[in-house]
**Student:** 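Structure provided below as structure tokens; questions to follow.
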Amino acid sequence: MIKTIEWKNGKVKMINQSILPLKEEFFECSDHECVIDAIKSMRIRGAPAIGVAAAMGITLGAKNSSASDVDELLREIDVICEKMRNTRPTAVNLFWAIERMRSVVSSRKWKDAESLKKALESESFQIIEEDIASSKRIGALGASLIKDGDNILTHCNAGSLATVQYGTALAPIYYAFNEGKKIHVYVDETRPKFQGARLTIWELKKEKIPATLITDSMAGYFMGKGKIDKVIVGSDRIAANGDAANKVGTYSLAVLAGVHKIPFYVVAPTTTIDFNISSGKEIPIEERDASEVTHFGGIQVAPDGISVANPAFDVTPNRLITAIVTEKDILYPPFEEKIADLNPQSF
Ligand code: MRU
């Protein structure tokens with residue numbers, strides 16, 4: 001299975017998601033500015049993957065520093081972290097990873113720059129390993145919700161490409177398929193950036209999982225025909241009450257699933273939970289460039305001079321979510337207490 005991001009000979013190697021599926025190319029970053037650009041331009045994307053990229057970018061920044069003493073290095077790391085924070089606003093995994101790297105910095109009084117650089121490097125390696133382990137655990141737990149013969153609808157890409165490997169929403173699908181369950185996946189194309197059409201169906205095809213690509217507006221049609229048994233999506237940020245932000249269009253799917261009494265599962269590692277916000281109303285929603293809506297593959301499809309909105313995410317309220325699958329447990333409503341129990345600060 002594809003490895004989205006890894007450390008290779010002192011560089012960060014990533015698959016270029018902006019040109020998939022037409023070209024399967026990897027690129028390497030040898031400095032943090034390159035990683036920042038890759039996150040902003042969505043050559044790497046998906047909540048856990050951008051968190052991992054940020055951690056590795058900070059490692060690169062520290063490694064390349066020629067600071068003459070620890071204090072200078074600390075100041076440089078502060079600047080790099082601030083730049084990382086300003087790449088994309090919605091996925092909390094990014095901020096979680098930055099804080100995790102900062103906690104290494106503040107964990108003790110560093111006497112020399114080299115040992116701090118080494119500690120940051122090993123923390124980013126640890127984050128990579130934890131992300132893989134978390135996806136595997138999510139896969140094993142989530143597969144228990146999938147029955148032989150299920151038709152599953154997914155939105156955006158929450159597969160291997162959105163993590164280091166295996167994915168979040170797709171991990172239970174991979175596990176269920178490997179357990180021999182006969183499943184079929186409907187993949188929303190996911191306008192405007194086509195993560196479903198470009199990435200998800202590409203991943204599923206590689207793994208030989210039966211899948212059908214549909215446009216976003218077809219989901220209700222297939223639900224109405226009784227063709228969909230469950231909806232499984234990822235998330236970019238889950239609030240303390242279980243409200244979950246994911247790729248725009250997810251909320252509409254949840255409403256449709258509710259009307260058709262189809263289970264709606266949100267699958268995400270605990271690094272996607274923002275324990276500091278009480279509801280989804282506080283989740284910052286990224287507004288992206290209008291050209292993503294007005295243009296299709298570089299071709300203009302809308303008139304000039306019109307008003308365009310392009311929110312990249314929406315928030316599904318907790319009441320529409322059947323369960324939240326994390327690497328620790330499957331949580332059922334009411335979510336508040338169960339989410340609070342997962343808060344590392346409360347241990
Ligand atoms: O804008 P993107 O492609 O980074 O958005 C990604 C999504 O919305 C995914 O569904 C989400 O990150 C969950 S992936 C593990």
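Just so you know, ligand 1 is whichever comes first in the structure, and atom 1 is the first atom listed for that ligand.
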**Student:** Can you see which heavy atom on M101 is nearest to which on L120, and at what distance?
**Tutor:** CE-O, 3.3 Å

**Student:** Between R85 and E82, does any side-chain N to carboxylate O distance fall below 4.0 Å?
**Tutor:** yes

**Student:** If you take the nearest heavy atom of each of K247, E286, R45, which one is closest to atom 1 (O) of ligand 1?
**Tutor:** K247

**Student:** Which atoms of ligand 1 sit under 4.0 Å from any heavy atom of F313?
**Tutor:** 1 (O), 5 (O), 8 (O)

**Student:** Under a 4.0 angstrom heavy-atom cut-off, which atoms of ligand 1 come close to M42?
**Tutor:** 1 (O), 2 (P), 3 (O)

**Student:** Among protein heavy atoms, which lies nearest atom 9 (C) of ligand 1, and at what distance?
**Tutor:** N246 OD1, 3.4 Å

**Student:** I need the atoms of ligand 1 closer than 4.0 Å to a non-hydrogen atom of N157, numbered in the order shown.
**Tutor:** 9 (C), 10 (O), 14 (S)

**Student:** State whether the shortest distance between N or O atoms of R88 and N or O atoms of ligand 1 falls below 3.5 angstrom.
**Tutor:** yes

**Student:** Any idea which atoms of ligand 1 are less than 4.0 Å away from a heavy-atom of G46?
**Tutor:** 4 (O), 12 (O)

**Student:** Out of A268, A47, A169, S235, indicate the one that has the non-hydrogen atom closest to atom 13 (C) of ligand 1.
**Tutor:** S235

**Student:** Closest non-hydrogen protein atom to atom 8 (O) of ligand 1, residue and atom name please, with distance?
**Tutor:** D236 OD1, 2.8 Å

**Student:** Around atom 15 (C) of ligand 1, find the nearest protein heavy atom and jot down its residue, atom name and distance.
**Tutor:** T168 OG1, 3.0 Å

**Student:** Taking K147 first and then D229, would you say they form a salt bridge - that is, a charged N and a carboxylate O separated by under 4.0 Å?
**Tutor:** no

**Student:** Ignoring angles and geometry beyond distance, decide whether Q195 reaches within less than 3.5 Å of ligand 1 through its nitrogen or oxygen atoms.
**Tutor:** yes

**Student:** Take D78 and R102 through the test salt bridge (Lys or Arg N to Asp or Glu O under 4.0 Å) and record every step on the way to the result.
**Tutor:** CA-CA 8 Å; D78 269 349; R102 288 180 60 81; 2.8 Å; yes

**Student:** So, are D236 and R88 salt-bridged, with charged N and O less than 4.0 Å apart?
**Tutor:** no

**Student:** Counting only heavy atoms, tell me which of P269, A162, A245 gets closest to atom 14 (S) of ligand 1.
**Tutor:** A162

**Student:** I'd like to know if R75 pairs up with E72 as an ion pair, taking the criterion as any Lys NZ or Arg NE/NH1/NH2 lying under 4.0 Å from an Asp or Glu carboxylate oxygen.
**Tutor:** no

**Student:** Could a heavy atom of P48 be found less than 4.0 Å from some atom of ligand 1?
**Tutor:** yes

**Student:** Are the charged groups of E286 and R288 less than 4.0 angstrom apart, N to O?
**Tutor:** yes

**Student:** So which atom in S278 and which in E282 form the shortest heavy-atom distance, rounded to 0.1 Å?
**Tutor:** OG-OE2, 2.9 Å

**Student:** So, E28 and K13, do they make that salt bridge, N to O below 4.0 Å?
**Tutor:** no

